[in-house]
Amino acid sequence: MRTCHATQGPSPMNVFTAIEQLVREQLAALAAEGALPAGLDLSAVAVETPRDPTHGDLATNAALVLAKAARMKPRDIADKLVAKLKADPRVTKAEAAGPGFINITLDVALWHQQIVSILQEGAGYGRLNAGQGGAVNVEYVSANPTGPMHVGHCRNAVVGDAIANLLAFAGYDVTREYYINDAGGQVDTLARSAHLRYREALGETIGDIPEGLYPGDYLKPVGTALAQQHGKRLLGLAEADWLPEVKATAIAAMLAMIREDLASLGIKHDVFFSERSLTAGGEDRVADTIAWLQQRDLVYTGTLPPPKGEAIEDWEDRPQTLFRSSKFGDDLDRALKKSDGGYTYFASDLAYHRDKLKRGFTHLVNVLGADHSGYAKRIKAAVSALSEGRAEMDVQFYQFVKLMKNGEPLTMSKRSGTFITLRDVVDEVGRDAVRFMMLYRKNDAALDFDFAKVTEQSKDNPVFYVQYAHARAASVFRNVRLSFPELDLAAARTTDLSSLGDAAEIELVKQLAAFPKIINGAARAHEPHRLAFYLFDVASAFHQLWARGNDSPHLRFIQPSSKTATAARLALIGATQQVISSGLSVLGVEAPQEMR
RNA sequence: GCACUCGUAGCUCAGCUGGAUAGAGCGUUGCCCUCCGAAGGCAAAGGUCACAGGUUCGACUCCUGUCGAGUGCGCCA
C-alpha cells in the first residue's frame with residue numbers, strides 16, 4: 001500500500017513529506033541524466049529523523065536501498081544525491097555518512113513553517129485521506145448478551161474503538177459494529193436463568209442457582225419486570241412456550257445494560273447486528289450462503305480426523321457438511337452443521353460476513369480475545385472465499401487483562417457471580433485512565449492492570465503525564481494575558497518565528513512534524529498503541545523544554561521584555577496542544593485545560 | 001502431536017517497511033523549586049535482544065531449528 005500524507009487546506013506543509021518529495025525528485029533527475037538507471041523502485045526510500053542528533057535533522061536511506069537494483073556502490077549514489085540536495089535552498093547541509101546514509105540539515109525556517117502549518121490546519125492536522133479506496137467495518141466487543149461486561153471485554157471495547165477512531169482519522173469511511181450472539185444455546189440458558197428470577201419475584205423460594213445457569217444478581221430486575229408484565233401467566237406454560245418471550249425480554253435487558261456499560265467508556269456502535277435475524281422473517285440467509293458456496297464447490301460432505309491432543313470421550317466419526325476452508329489457508333475444513341441439524345456458530349458467521357461484504361465493505365477488522373486465536377484462519381478463509389479475494393480481513397487479538405491491586409492479583413469467580421465488571425473499573429479509576437492504560441501496550445501483550453497505579457497521578461501513570469502537558473500548555477495561555485493582554489493563539493498564528501532556534505524547541509517541532517506519519521503507520525497496522533506512545537514522547541519533549549526555562553530564563557515561554565518572542569513561543573505551544581488534543585481524541589481521552 | 005501469539009535492563013514494557021552507538025517508565029544512587037504548574041527536569045548505574053544456525057552491505061526485526069511461556073484444537077459462542 002502506498003503511503004499517503006495528502007492534506008487539505010490552502011498550502012499546508014509537512015517537513016517529512018516535503019523532503020521525501022525532494023529526494024524522489026532528485027533521484028528522478030539523476031535517472032533522467034543517466035547517472036542512475038531508469039525505472040528504479042523507490043518505494044523503500046524513506047526519510048526519518050536519525051537517532052543521533054549530530055547526524056542532522058533528517059536522514060535518508062535512498063542510496064542504501066537503491067544500490068543493489070542500480071548495481072552501484074551506496075556511497076557513489078549518495079555522493080551524487082548529496083550534490084543535488086545541496087542545491088535546494090531549504091537544505092543547509094547534506095553529507096554522506098556511515099554505510100551510505102545521507103544526513104540532511106535543514107534551514108531552521110522550514111521548522112518554523114511546520115509550526116505555521118499545524119496551526120493553519122488546526123484540528124485537521126494529521127488527518128489523512130489514506131482510505132479513499134473503500135469502506136471499513138470494525139467489529140468489536142460482540143460480547144454475548146448474557147450479563148454485564150467485565151474487564152476482558154473492556155480491553156476489546158477500548159482497542160476496537162481506538163482502531164475505529166484511528167481509521168476514521170486516517171480518512172476511511174468507518175462503521176462500528178457489534179454482533180449479537182442471540183441465536184445459540186447461551187441465550188437459552190439466559191432465558192432459563194431469568195425465568196428462575198421471575199419465579200423468585202413472584203414469591204417463590206428458589207434457593208441456590210442450579211449449576212449451569214447464570215447466578216448473578218443482575219437478572220433479578222429482569223425477573224421483576226417479567227412478573228410485572230406477565231403476572232403468573234407464564235408459570236402454567238411449558239418451557240417451549242415461555243422461553244421465546246422470556247428470552248427476548250432478557251436479551252433486550254442485557255443489551256440495554258451493555259450499551260450503558262459501553263457508554264460509560266464513551267463508546268457507541270453504529271450497528272448492532274443480530275445473529276438471529278439471519279434466520280428470521282421467513283428467510284434463511286445461512287442456508288443461502290451455504291448454497292452459494294455449494295455452487296462454487298466449496299462445500300462437501302465428509303469426515304474430519306479426530307484432534308490429536310486430549311482424547312475426546314464421545315468422539316463419533318460421522319460424515320458432516322464441511323466448508324473447504326483449507327483451500328484458503330486454514331488447517332482443516334470446518335463443520336457447518338451440528339449433529340442436531342442446527343447451524344454451527346461458524347455457519348452463521350459465514351452468513352454474517354457475507355452480509356458485511358454485500359454492504360460494500362472492502363476492509364474488515366475484527367477484535368478478538370486471545371482465546372479465539374484459533375478462529376482467525378477460519379474467518380479469513382471465509383472472507384477470502386465469500387469476497388472472491390476482493391476484501392481483506394484483519395483480526396486483532398488482545399491478551400487478557402490481569403487485574404491487580406497493590407501488586408496482588410484480584411481473582412474473579414464466575415460461580416459466585418462476584419466478577420469485577422467493566423463498570424466497577426470505570427467508576428473507580430475513570431474513563432480516561434482506563435482507556436489510556438488499555439492502549440498503552442501492544443494488543444497482543446498481556447496487561448497487568450493495577451488499580452493502585454492507575455489511580456496514582458504521577459509519571460508512573462502515562463495518562464496524567466500526557467494530559468498534564470496539555471494542561472501546562474493551557475496555563476501558559478492563561479498567564480500570558482497578564483503581560484500581553486492582546487496576545488492569543490490567533491495572534492501567534494501570524495507572528496515572526498525567527499526567535500525559535502534552541503535545540504529543545506526544534507526537537508519539539510520535529511516530534512510534532514511526525515504526527516501524520518504516526519497516524520499513517522498506526523492506522524495501517526491497526527495498532528493504536530503506537531499513537532499512545534507517540535503522545536507520551538511529545539509530552540516528554542514539551543516537559544523538557546519547559547524545564548529548560550528553570551535554568552535558562554531566556555527560554556521561558558513568556559518573555560515580558562519581548563512580545564514577538566513570546567508570540568513565537570505561543571505558536572509552538574499552540575501547535576503542541578493541537579497535536580496532543582487531536583491525538584488524545586483519537587484515543588478517546590480528554591485533553592484537560594486544567595488539572596489542579 | 002498441530003496451529004496461533006510471545007520471549008528485549010532487577011521489574012513493567014516500546015523499538016515504525018531490515019538501518020548508524022538497542023530506548024522509556026518504575027526501582028537504586030546523586031542533584032534542580034525567591035523564577036511560566038516539581039503531577040516536572042538533569043545525571044549515574046543497569047543488556048549475550050531466550051539459544052543455535054541461515055539470508056545480506058547491514059538482523060531485536062526476515063527464514064529454519066531448539067528451549068521456555070500463554071491460548072486454542074468436530075457438534076461452545
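None of these values were measured; they are calculated from a predicted model. So that the names make sense, note that chain A is the first sequence line, chain B the second, and so on, each numbered from 1.
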Whole angstrom is fine here: how far is it from [atom1] in [X] over to [atom2] in [N]?
X: A:Phe557; N: B:C36; atom1: CZ; atom2: P; value: 13 Å
X: A:Asn366; N: B:A77; atom1: CG; atom2: C1'; value: 13 Å
X: A:Lys68; N: B:C57; atom1: NZ; atom2: P; value: 5 Å
X: A:Arg75; N: B:G58; atom1: CZ; atom2: C1'; value: 15 Å
X: A:Lys517; N: B:G15; atom1: NZ; atom2: C1'; value: 14 Å
X: A:His526; N: B:C16; atom1: NE2; atom2: P; value: 18 Å
X: A:Arg51; N: B:C60; atom1: CZ; atom2: C1'; value: 11 Å
X: A:His543; N: B:G25; atom1: NE2; atom2: C1'; value: 13 Å

Would you tell me if any nitrogen or oxygen in the side chain of [X] comes within less than 4.0 Å of OP1 or OP2 on [N]?
X: A:Arg472; N: B:A38; result: yes
X: A:Ser339; N: B:C75; result: no
X: A:Arg441; N: B:C13; result: yes
X: A:Lys442; N: B:G15; result: yes
X: A:Asn479; N: B:G37; result: yes
X: A:Trp315; N: B:C75; result: no

Enumerate all atom pairs, one protein N or O and one N or O from nucleotides 70-72 of chain B, separated by less than 3.5 Å.
residue, atom, partner, partner atom, Å
B:U71, O2', A:Ala370, O, 2.9

Note to self: Closer than 3.5 angstrom, by distance alone: can the side chain of A:Asp432 be matched with the main-chain N or O of A:Glu590 as a donor-acceptor pair?
What the structure shows: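 Yes; judged by distance alone, with no hydrogens or angles, the pair exists.
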
Note to self: Parallel, tilted or perpendicular, judged at 30° and 60°: which one describes the rings of A:Phe346 and A:Tyr375?
What the structure shows: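 A:Phe346 vs A:Tyr375 ring planes: perpendicular.
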
Using the side-chain hydrogen bond (donor to acceptor under 3.5 Å, both in side chains) criterion, which residues pair with [X]? Sequence neighbours excluded.
X: A:Gln544; result: A:Ser540
X: A:Lys93; result: none
X: A:Arg192; result: A:Glu239

Closest to the [X] side chain, choosing from [options]:
X: A:Arg318; options: B:C75, B:A77, B:A14; result: B:C75
X: A:Glu316; options: B:G74, B:U17, B:A14; result: B:G74
X: A:Val476; options: B:C36, B:C75, B:C57; result: B:C36
X: A:Arg524; options: B:U17, B:A3, B:C6; result: B:U17
X: A:Val65; options: B:G25, B:C75, B:G19; result: B:G19
X: A:Arg530; options: B:A3, B:U17, B:A14; result: B:U17
X: A:Ser475; options: B:A20, B:G37, B:A3; result: B:G37
X: A:Thr344; options: B:C36, B:C75, B:G40; result: B:C75
X: A:Tyr468; options: B:A38, B:G19, B:G74; result: B:A38

Margin query: Quick check on ring pair (Phe, Tyr, Trp, His ring centres under 6.0 Å): which of A:Phe557, A:Tyr465, A:Tyr468 does A:Phe542 satisfy it with?
Written below: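 Only one option passes, and that is A:Phe557.
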
Margin query: Using the side-chain contact (heavy atoms from CB on, under 4.5 Å) criterion, which residues pair with A:Ala69? Sequence neighbours excluded.
Written below: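 Testing A:Ala69 for side-chain contact (heavy atoms from CB on, under 4.5 Å), a comparison that skips the adjacent residues, returns A:Leu40.
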
Next item on the list: Could you pull out all residues at least two apart from A:Asp537 that satisfy side-chain contact (heavy atoms from CB on, under 4.5 Å)?
Entry: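 Result, side-chain contact (heavy atoms from CB on, under 4.5 Å) vs A:Asp537: A:Gln511.
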
Margin query: Going by ring pair (Phe, Tyr, Trp, His ring centres under 6.0 Å), name the residues that satisfy it together with A:Tyr140, two or more places apart in sequence or in a different chain.
Written below: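 Partners of A:Tyr140 by the ring pair (Phe, Tyr, Trp, His ring centres under 6.0 Å) criterion, ordered by chain and then number, come out as A:His269.
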
Note to self: Near RNA chain B, counting only heavy atoms under 4.0 Å, which residues of residues 547-554 of chain A show up?
What the structure shows: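 Under 4.0 Å from RNA chain B: A:Ala547, A:Gly549, A:Asn550.
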
Checklist line | Aromatic stack A:Phe101/B:G19: centroid gap under 5.5 Å, interplanar angle under 30° | finding: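 A:Phe101 ring does not meet the centre or angle cut-off for B:G19; no stack.
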
Notebook entry, point to check: Do we count A:His55 as stacking onto B:A20 if the rule is ring centres under 5.5 Å and planes under 30°?
Noted result: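 A:His55 vs B:A20: stacking yes.
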
Check: Would you call A:Glu486-A:Lys563 a salt bridge at under 4.0 Å N-O?
Finding: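 Answer for the salt bridge query: yes.
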
Could you tell me which residues satisfy salt bridge (charged side-chain N to carboxylate O under 4.0 Å, His left out) with [X], sequence neighbours excluded, listed by chain and number?
X: A:Asp444; value: none
X: A:Lys402; value: A:Asp448
X: A:Arg478; value: none

Would you tabulate the nitrogen or oxygen pairs shorter than 3.5 Å linking the protein to nucleotides 28-30 of chain B?
none

Note to self: Should the side chain of A:Asn103 and the base of B:A20 be counted as holding a donor-acceptor pair, with the cut-off at 3.5 Å?
What the structure shows: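 Between B:A20 and A:Asn103, which were checked side chain against base, a qualifying N/O pair under 3.5 Å is present.
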
Margin query: Run the side chain to side chain donor-acceptor pair (under 3.5 Å) test on A:Tyr352 and A:Glu177 for me, step by step, so that the C-alpha distance in whole Å, both residues' side-chain angles and the decisive distance to 0.1 Å come before the verdict.
Written below: CA-CA 12 Å; A:Tyr352 172 43; A:Glu177 195 148 322; 2.8 Å; yes

